[in-house]
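The structure presented is a predicted model; accordingly, all values stated were derived computationally and were not measured. Both ligands and their constituent atoms are indexed starting at 1 by order of listing. Just so you know, residue 1 is the first one in the sequence shown, and it goes up from there.
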Amino acid sequence: MLPEAETALAIKFEALSPDVADSLAAKARGEPILAKNWMVAVANPHAATAGARVLKEGGTAADAMVAVQAVLGLVEPQSSGIGGGAFLVWFDATTGKLTTLDGRETAPMAATPQLFQNTNGERLRFWDAVVGGRSVGVPGTPALMEAAHKRWGQKAWSGLFAEAIDLAESGFPVSPRLAALVAGDADRLRQFSDTAAYFFRGGEALVEGSRLTNAEYADVMRQMSTEGAQVIYSGDIAQAIVDTVRGAKSNPGVISLTDLDTYKVKERPAVCTPFRGHQVCGMGPPSSGALTVGQILGLLDHFPVGSKNDPQTLRLIGDASRLAFADRGRYMADSDFVAMPTKGLVSADYLSERAKLLTGSRALTDVLPGNPEYSHASLWADDVSLELPSTSHISIVDSYGNALSMTTTIENGFGSRLMTNGFLLNNELTDFSFSSHSDGVPIANRVEPGKRPRSSMSPTIVLKGGLPTLVIGSPGGSRIIGYVAEAIVAHVDWGMNVQAAVSIPHAVNRFGTFDLEKNTSLEKMVEPMEALGYKVKLRALNSGLHAISIAKDGLAGGADPRREGIALGQ
Ligand code: GLY
């Protein structure tokens, strides 16, 4: 599958380097990129090129991530950047250990559980909440970049911003995706003068292929490169963030300088679940990613490998996912604020009990949360948050054998639509539940001051025998979970190479409706799945999976054909 936009992009990026042209061509043929030493798979050829330069010069995956993220914030500003947050999973080749860093946005101390309610206590409409200052959480990505570099970097921090500064000053071609998204979001983007001035130069929406510069972003990158991430959290840029959020003409927010100055990246243990002799490891709370992907795969592990085009295989994947989403809605939130049965949700006993629910042959009629083991019980009501597709994923393996999986976001496409100093501010707080209670029972993922909103981001590293075999993740809102779980099944169960696994047509089931990807071979599954009792919806399913497989004979990289990314390796 090669969408038209991808063909246009291939032509535009051919001039960038022969490696980029080769990678785009391989992707168009549906083939993975092969390498022996290192690999980077990300959402944009300029970002991949920056990461590849660092890896080629002997940098670690953490060094390369800094260069990649700095460029992504410029060339793919709608998806991620220094105004947003991220989660990072790291396999350390020296110690053989896996850990995670939580750079999630945080609710300001002045935020209350009523943040997204009107004066009658009713939930705001989604778009009324997103656009403006109210939805902006304290950004975590700059601090995460620095924390990862301090911990695992080898190259000088100051040298990791060269491509971002150069591209921001000399300009880069507006990608087809960016141009289409700007045109499609014009009414919201035009509401704020700085945002409108950047995306609508001379009043006209950015045109695909036109050269875009961003002097303010270059200046911020230069400041970060010389003074560190602290420039975002105190001083002029921090003040500009506060002024932009609090002074937003619609929906002013409540961030303060103290909120920015006290932001902390948190190291947390990885959450791992066994699947077909592998350990599937990822980001625990406040992300629901590893627990929900883990539950889906942990439930499937109780059944033999099904064939790819069998309705019963789809039924198992779909209903395992529905069971997992029921638990997600009830129990998952920021575990620093609410008691969570993190271990219980993926314990072997619990999953084998839940798997008994899947032994029938038709769609489950009732899907309720289960009763995982709790160290101390809490009563929670079910969350009904809406999460729309957005975000970007970075997969990197370096020549030392370290592996990095990082999903990075400003939440909605273009985040809150507020822009300062050449970067967009997130709307991550709308990942909280807008309702604080249901029938008088509190919702675990309600807004609280200093809390991190529940995420679906699922940066994942799959281990076998203690060593990484697959690095993977995707954008896509709460569908991220299904995209990642399904690609792991495709790679592990069906033996598909990484490019084939990230390209596989999507079948995603979160809350009951089976979403099947439009214009793919899955269209012929509509009737069989309806016959099993599902409501089926054909739709575009816009993942952005980036994956690297690691085997004895080398690395293979794959980039999602639905987006503009590539893999580069050597
Ligand atoms: N905002 C996307 C996520 O965190 O899941």
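Ligand 1 has R104 within reach: a non-hydrogen atom of the residue lies less than 4.0 Å from it.
A parallel orientation is assigned to the rings of H393 and H546, their planes being inclined by less than 30° (bins at 30° and 60°).
Less than 4.0 angstrom separates some heavy atom of D431 from each of these atoms of ligand 1: 1 (N), 2 (C), 3 (C), 4 (O), 5 (O).
When the side chain to side chain contact (heavy atoms under 4.5 Å, CB included) test is applied to A47, the partners found at least two apart in sequence or on another chain are V42, N44, V68, V71, L72. Contacts of F91 classified as ring pair (Phe, Tyr, Trp, His ring centres under 6.0 Å), with partners at least two apart in sequence or in another chain: none.
Looking at ligand 1, you'll find an N or O of E428 within less than 3.5 Å of one of its N or O atoms.
For F511 and F325, the ring centers are positioned less than 6.0 Å apart.
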